[in-house]
Number of protein chains: 2
Amino acid sequence: MLDDSSPDLASGLRHTLTRLYLTLRRNAPLGDISAAQGSALALLHDHGPMRMGEFADRESIRMPTATALIDGLCREGLVSREPDPTDRRAVLISITPQGVDAVDDIRSRRDDAVTRALADLSEAHRSAIAEALPALRDMQSRLENYDRK
Amino acid sequence: MLDDSSPDLASGLRHTLTRLYLTLRRNAPLGDISAAQGSALALLHDHGPMRMGEFADRESIRMPTATALIDGLCREGLVSREPDPTDRRAVLISITPQGVDAVDDIRSRRDDAVTRALADLSEAHRSAIAEALPALRDMQSRLENYDRK
DNA sequence: TATTGTTATACTCTATAACTATA
DNA sequence: TATAGTTATAGAGTATAACAATA
């Protein structure tokens with residue numbers, strides 16, 4: 001019988017989550033774009049336009065790093081920069097339609113890999129995962145909140 | 001009613017797994033060591049000594065990259081290199097006791113974060129996760145095998 | 001000749017420090 | 001004077017190409 005609150009559950013879960021993510025990443029690689037670019041595009045895709053400084057904060061990188069990263073993405077047409085009309089020191093960075101396509105593409109390739117793996121599972125295993133998904137979401141939001149403790 | 005085999009389950013699971021991993025990484029950062037170093041140490045910790053070429057293959061990096069990465073870890077005393085007694089062209093790289101400590105330390109800090117999040121969940125959510133863990137392991141091993149399709 | 005690894009070189013991502021322009 | 005970003009410079013991680021040593 002499994003003891004829910006044991007460190008074994010936490011350690012087993014940590015290990016499995018880590019391997020699942022890394023395997024998924026390996027299964028559907030980013031291809032042309034780097035990990036830093038992929039993360040930047042996903043943020044701009046999900047959050048919408050933002051200032052350079054907010055982008056740097058959310059990506060946990062420094063401003064000069066953000067400048068260089070965004071410059072590269074602009075050169076490739078995946079991101080665009082506009083002066084902020086309310087503050088002439090600032091710039092607003094946005095994902096382009098081409099950038100949206102790049103994010104959607106990688107996500108759908110990863111979804112396909114997960115769909116295939118789920119289809120190969122037993123019905124019992126598949127439904128166990130379906131029933132745990134809300135609990136995993138709950139755990140994720142709690143972990144996220146510890147960040148700003 | 002949730003349709004287990006729907007793309008929605010795959011997409012929701014992919015999203016939650018991704019966020020869980022990234023949040024966990026952010027919650028318990030590697031600190032002094034880089035991501036590449038952490039991955040290298042985890043591999044050597046779990047697999048044991050190996051040749052430079054096998055290390056490069058398993059990390060999906062090129063040999064010159066592996067040489068530089070291992071050189072850095074050697075300088076920090078986390079990894080050691082020995083000539084392979086059976087083939088004088090080759091070297092065997094191993095994790096040192098200090099490197100083992102570094103891996104154990106980061107893993108235990110991540111386990112602590114997961115333990116805390118699990119403890120904060122409802123009993124129903126915690127047991128849903130406990131019951132899904134074998135299914136998640138099953139899914140992970142299937143995804144891993146697709147890699148060598 | 002084929003294999004194992006290293007050296008030389010270059011590009012990206014990361015950082016700190018110093019600078020410019022605007023508030 | 002403080003804030004938003006950029007430029008200058010440096011270190012780590014990545015790659016390809018060319019090389020050295022050994023099988």
Side-chain angles (χ1 to χ4, degrees), chain A residues 22 25-26 29-44 47-94 99 102 106, chain B residues 22 25-26 29-44 47 49-95 99 102 106:
Chain A
L22 295 176
R25 205 172 60 174
R26 187 168 172 163
L30 296 175
D32 287 340
I33 68 181
S34 72
Q37 288 179 320
S39 177
L41 288 176
L43 172 62
L44 292 170
H47 182 279
M50 68 185 74
R51 286 184 173 194
M52 191 65 83
E54 182 181 0
F55 171 78
D57 279 351
R58 287 183 181 265
E59 287 294 89
S60 301
I61 59 178
R62 303 297 174 171
M63 286 272 279
T65 304
T67 298
L69 184 53
I70 293 298
D71 279 357
L73 288 166
C74 285
R75 264 180 261 119
E76 297 175 39
L78 302 173
V79 160
S80 65
R81 307 170 40 134
E82 304 289 339
D84 183 334
T86 74
D87 183 342
R88 283 189 299 165
R89 294 171 302 179
V91 295
L92 286 174
I93 58 188
S94 317
I106 174 65
Chain B
L22 295 175
R25 205 172 62 172
R26 188 169 172 164
L30 295 174
D32 288 339
I33 67 181
S34 73
Q37 288 179 322
S39 177
L41 288 176
L43 172 61
L44 292 171
H47 181 279
M50 68 185 74
R51 284 185 174 193
M52 190 65 83
E54 182 180 0
F55 172 78
D57 279 351
R58 287 185 181 264
E59 288 293 88
S60 300
I61 58 179
R62 303 297 175 172
M63 287 272 279
T65 305
T67 298
L69 184 53
I70 293 297
D71 279 358
L73 288 166
C74 284
R75 264 181 259 119
E76 297 175 39
L78 302 173
V79 159
S80 64
R81 309 170 38 133
E82 304 290 340
D84 183 334
T86 75
D87 183 342
R88 281 189 302 167
R89 293 171 304 180
V91 296
L92 285 174
I93 57 189
S94 318
I95 193 168
I106 174 65

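Chain identifiers are assigned alphabetically (A, B, ...) following the order of the sequence lines, protein sequences preceding nucleic acid strands; residue numbering begins at 1 within each chain. All figures in this text were calculated on a predicted structure; none of them were measured in a lab. As a basis for the values below, the full set of heavy atoms in this structure was taken, side chains included, without hydrogen atoms, waters or symmetry mates.
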Q: For B:Q37 and for A:E54, locate the closest nucleotide of DNA chain D by heavy-atom distance; then report the residue assigned to the nucleotide nearer the 5' terminus.
A: A:E54
Q) Rounded to the nearest 0.5 Å, how far apart are CG of A:L73 and CG of A:L78? A) 6.0 Å
(Q) Rounding to an integer number of Å, can you tell me how far A:F55 CZ sits from D:dG5 P? (A) 12 Å
Q) Separation of B:R75 atom CZ from D:dG11 atom C1', in whole Å? A) 11 Å
Q: Using whole Å, report how far CG of B:L30 lies from P of D:dA12.
A: 16 Å
Q) Quick one: CG on B:L41 to CD1 on B:I33, what's the gap to the nearest 0.5 Å? A) 5.0 Å
Q: Look at A:T67 and D:dT6 and indicate whether a side-chain polar atom (N or O) is within less than 4.0 Å of OP1 or OP2.
A: yes
Q. Between A:I70 (CD1) and C:dC13 (C1'), how many Å, whole number?
A. 13 Å
Q | Spatial distance of atom OG (B:S80) from atom CD1 (B:I95) [nearest 0.5 Å] | A | 9.5 Å
Q.
Walk me through whether B:D84 and B:R89 qualify under salt bridge (charged side-chain N to carboxylate O under 4.0 Å, His left out).
A. CA-CA 8 Å; B:D84 183 334; B:R89 293 171 304 180; over 6 Å; no
Q. Rounding to a whole Å, what distance do you find between B:L78:CG and D:dA12:C1'?
A. 15 Å
Q: Could you grab the distance from atom CD1 of A:I93 to atom CZ of A:F55, nearest 0.5 Å is fine?
A: 5.0 Å
Q: Among residues two or more places apart or on two chains, list those pairs meeting salt bridge (charged side-chain N to carboxylate O under 4.0 Å, His left out) that have a residue in residues 60-73 of chain B.
A: B:D71-B:R81
**Q.** Atom pair distance, as rounded to whole Å: CG in B:D57 and C1' in C:dT4
**A.** 12 Å
Q. Side chains of A:S34 and A:L30: closer than 4.5 Å at any heavy-atom pair?
A. no
Q: Could you go through the side chain to side chain contact (heavy atoms under 4.5 Å, CB included) check for A:L44 and A:M50 one step at a time?
A: CA-CA 8 Å; A:L44 292 170; A:M50 68 185 74; 4.1 Å; yes
Q: Please map the stems of DNA chain D, keeping only stretches of three or more Watson-Crick or G-U wobble pairs with both distances under 3.5 angstrom.
A: C:1-23 with D:1-23
**Q.** Between A:S39 and A:E59, a side-chain donor and acceptor under 3.5 Å
**A.** yes
Q: Classify every nucleotide of nucleotides 14-23 of chain D by which part a protein heavy atom approaches to under 4.0 Å, writing B for the base, S for the sugar-phosphate alone and - for neither, in 5'-to-3' order.
A: BBBB---BBS
Q. Quick one: B:D84 CG to C:dT4 C1', roughly how many Å, whole number?
A. 10 Å
Q.
Rounded to whole Å, please give me the gap between CE in A:M52 and P in C:dT22.
A. 16 Å
Q | Phosphate OP1/OP2 of C:dT14: any B:S34 side-chain N/O under 4.0 Å | A | no
